[in-house]
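The next block holds one structure in the form of structure tokens; read it before the comments.
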Amino acid sequence: MQELTISPNDAGQRLDRFLAKAIPALPGPLAQKYIRLKRIKVNGKRAEQNYRLLEGDTIQLYIGDEFFEVSREELPRKTQDPGLNICYEDEQILIVNKPPGLLCHSGDGPYEANLVDQVKAYLQHTGAWNPAQELSFVPALCNRLDRNTGGLVLAAKTAAALQILNQKIRDREVDKYYLLAVHGRPNPPTGRIEGHLVKDSAQNRMSVVAVGTEDAKDAVTVYRTLETRENLSLVECLLETGRTHQIRAQMAALGCPLLGDRKYGGLAKTEPHQALWAYRVTFSFTSDAGVLDYLHNRTFFSGDVPFLGKYFTFSLPKRPKKGV
């Protein structure tokens, strides 16, 4: 018999879902059978598979040792500090700048360096996360950016922060602002784009389509022009929805494709990637945020935006020091 004790990062999960993470070698149907047969108990008693675990609960497992055998090679190894560009950090969250060209998560093909692995390596290096001591929790990103878009990405360091942030983002209580350089002058200079997008999977491209188009999803972007110099405009966008390539497709449809965005008609000039940067995030909670309530009404800026100084005079506020 082996016994597991539920930590704060494990609490709140259904018993069956916790088991799938904590003991991945135990097949789900077999876990359900063992729960029914009382070979898996909670606090020494029979429990239902949908029981919500509480901090301090103990799970007794009368199952074969083979389900617990994990080789050292399968455990994450402690690595060197990956040198993240950290904008803010506290005990619950981490806000980092993702450089253009870096994936947020690993893809389906051969392994590539990615931001979530760098975040985990950093937290392991600093001692904020020890995978050998966690039963089920793994730090995770709460939002994502296209490979060639840079800027702010939110990461959760605890299970409570992950659950709350994901819900707040779904409820649109986290405002994400972008800076972009576009060709031409948006007309009108300030506006709200309400449209529908459909994806062409073969070309990995989104198209603006009419209402009622099959598989189309609504997309809403609020924008304002901050500066125009020659034939380029600096635009700020606030996303009300988070569709793939939303800003890129909608600005191109407005007649102002992003600088460097070849996929949507933008000229490259000296930009290797589309001139698009997630530069600001504001936490605008309208309901209780639990352990993250202290973030309400706080705004964080990314710091330097690579294309700003090349084409515009607009400057950003200085970002606060780490942990402030």
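Throughout, numbering of the chain's residues begins at 1 and tracks the sequence.
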Hey, are Glu230 and Tyr311 close enough side-chain-wise for a donor-acceptor pair under 3.5 Å?
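No donor-acceptor contact under 3.5 Å links the two side chains.
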Does [X] reach the side chain of [Y], with side-chain heavy atoms less than 4.5 Å apart?
X	Y	value
Arg192	Val220	yes
Leu316	Tyr279	yes
Lys199	Asp215	no
Phe300	Cys87	no
Arg14	Gln49	yes
Asp304	Asn97	no
Phe314	Val305	no
Asp10	Asp57	no

[X] versus [Y], closest heavy-atom pair with distance:
X	Y	result
Thr190	Arg224	OG1-CB, 3.6 Å
Pro131	Gln124	CG-NE2, 3.8 Å
Leu197	Gln246	CD1-CA, 3.9 Å
Phe67	Ile23	O-CG2, 3.4 Å
Leu180	Met251	CD1-CG, 3.8 Å
Phe307	Leu276	CE2-N, 3.6 Å

Are [X] and [Y] connected in the hydrophobic side-chain network, where two residues link if heavy atoms are under 4.5 Å apart?
X	Y	value
Ile169	Val291	yes
Leu165	Tyr294	yes
Val182	Val208	no
Tyr62	Phe68	no
Leu239	Val198	no

Parallel, tilted or perpendicular, judged at 30° and 60°: which one describes the rings of Tyr264 and His245?
perpendicular
Please evaluate residues Ile6 and Leu54 with respect to the criterion side-chain contact (heavy atoms from CB on, under 4.5 Å), reporting the C-alpha separation (whole Å), side-chain torsions for both, the decisive distance (0.1 Å), and the verdict.
CA-CA 7 Å; Ile6 300 303; Leu54 302 174; over 6 Å; no
For Tyr178, run the side chain to side chain contact (heavy atoms under 4.5 Å, CB included) check against Ile247, Thr221, Val235 and tell me which one passes.
Ile247
Where the side chain of [X] meets the backbone of [Y], is there a donor-acceptor pair that is under 3.5 Å apart?
X	Y	answer
Arg229	Phe312	no
Gln60	Gly44	yes
Gln2	Leu61	no
Arg298	Phe283	no

Qualifying residue for side chain to side chain donor-acceptor pair (under 3.5 Å) with Gln13, from Gln163, Lys21, Arg52
Lys21
Show the atom names and distances, to 0.1 Å, of all donor-acceptor pairs under 3.5 Å that link a side chain in residues 29-38 to residues at least two apart or in another chain.
none

First locate atom [atom1] of [X], then atom [atom2] of [Y], and finally report the distance between them rounded to the nearest 0.5 Å.
X	Y	atom1	atom2	result
Cys256	Tyr223	SG	OH	8.0 Å
Leu53	Thr5	CG	OG1	11.5 Å
His183	Leu232	NE2	CG	6.5 Å
Leu254	Arg185	CG	CZ	14.5 Å
Leu115	Lys98	CG	NZ	7.5 Å
Ile164	Leu292	CD1	CG	4.5 Å

Crowded around Lys263 NZ? As in, over 12 foreign heavy atoms under 6.0 Å?
yes
Does a sphere of radius 6.0 Å around CD in Glu3 hold more than 12 heavy atoms from other residues, nucleotides or ligands, not counting ones at 6.0 Å or beyond?
yes
Could you walk me through whether Tyr88 and Val281 pass the side-chain contact (heavy atoms from CB on, under 4.5 Å) test, one step at a time?
CA-CA 11 Å; Tyr88 174 82; Val281 61; over 6 Å; no
Does Phe285 have Lys168 sitting over its ring (NZ/CZ under 6.0 Å from centre, angle to axis within 45°)?
yes
Under the rule for ring pair (Phe, Tyr, Trp, His ring centres under 6.0 Å), what residues qualify as partners of His196, not counting sequence neighbours?
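Result, ring pair (Phe, Tyr, Trp, His ring centres under 6.0 Å) vs His196: none returned.
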Could you tabulate the donor-acceptor pairs under 3.5 Å formed by side-chain atoms of residues 140-158, not counting sequence neighbours?
| residue | atom | partner | partner atom | Å |
| --- | --- | --- | --- | --- |
| Asn143 | OD1 | Leu154 | N | 2.7 |
| Asn143 | ND2 | Leu152 | O | 3.4 |
| Arg147 | NH1 | Glu112 | OE1 | 3.1 |
| Arg147 | NH2 | Glu112 | OE1 | 3.4 |
| Arg147 | NH2 | Glu112 | OE2 | 3.2 |
| Asn148 | OD1 | His273 | ND1 | 3.1 |
| Thr149 | OG1 | Gln274 | NE2 | 3.1 |
| Lys157 | NZ | Glu89 | OE2 | 2.9 |
| Lys157 | NZ | Asp90 | O | 2.8 |
| Thr158 | OG1 | Gln92 | OE1 | 2.6 |
| Thr158 | OG1 | Ala161 | N | 3.1 |

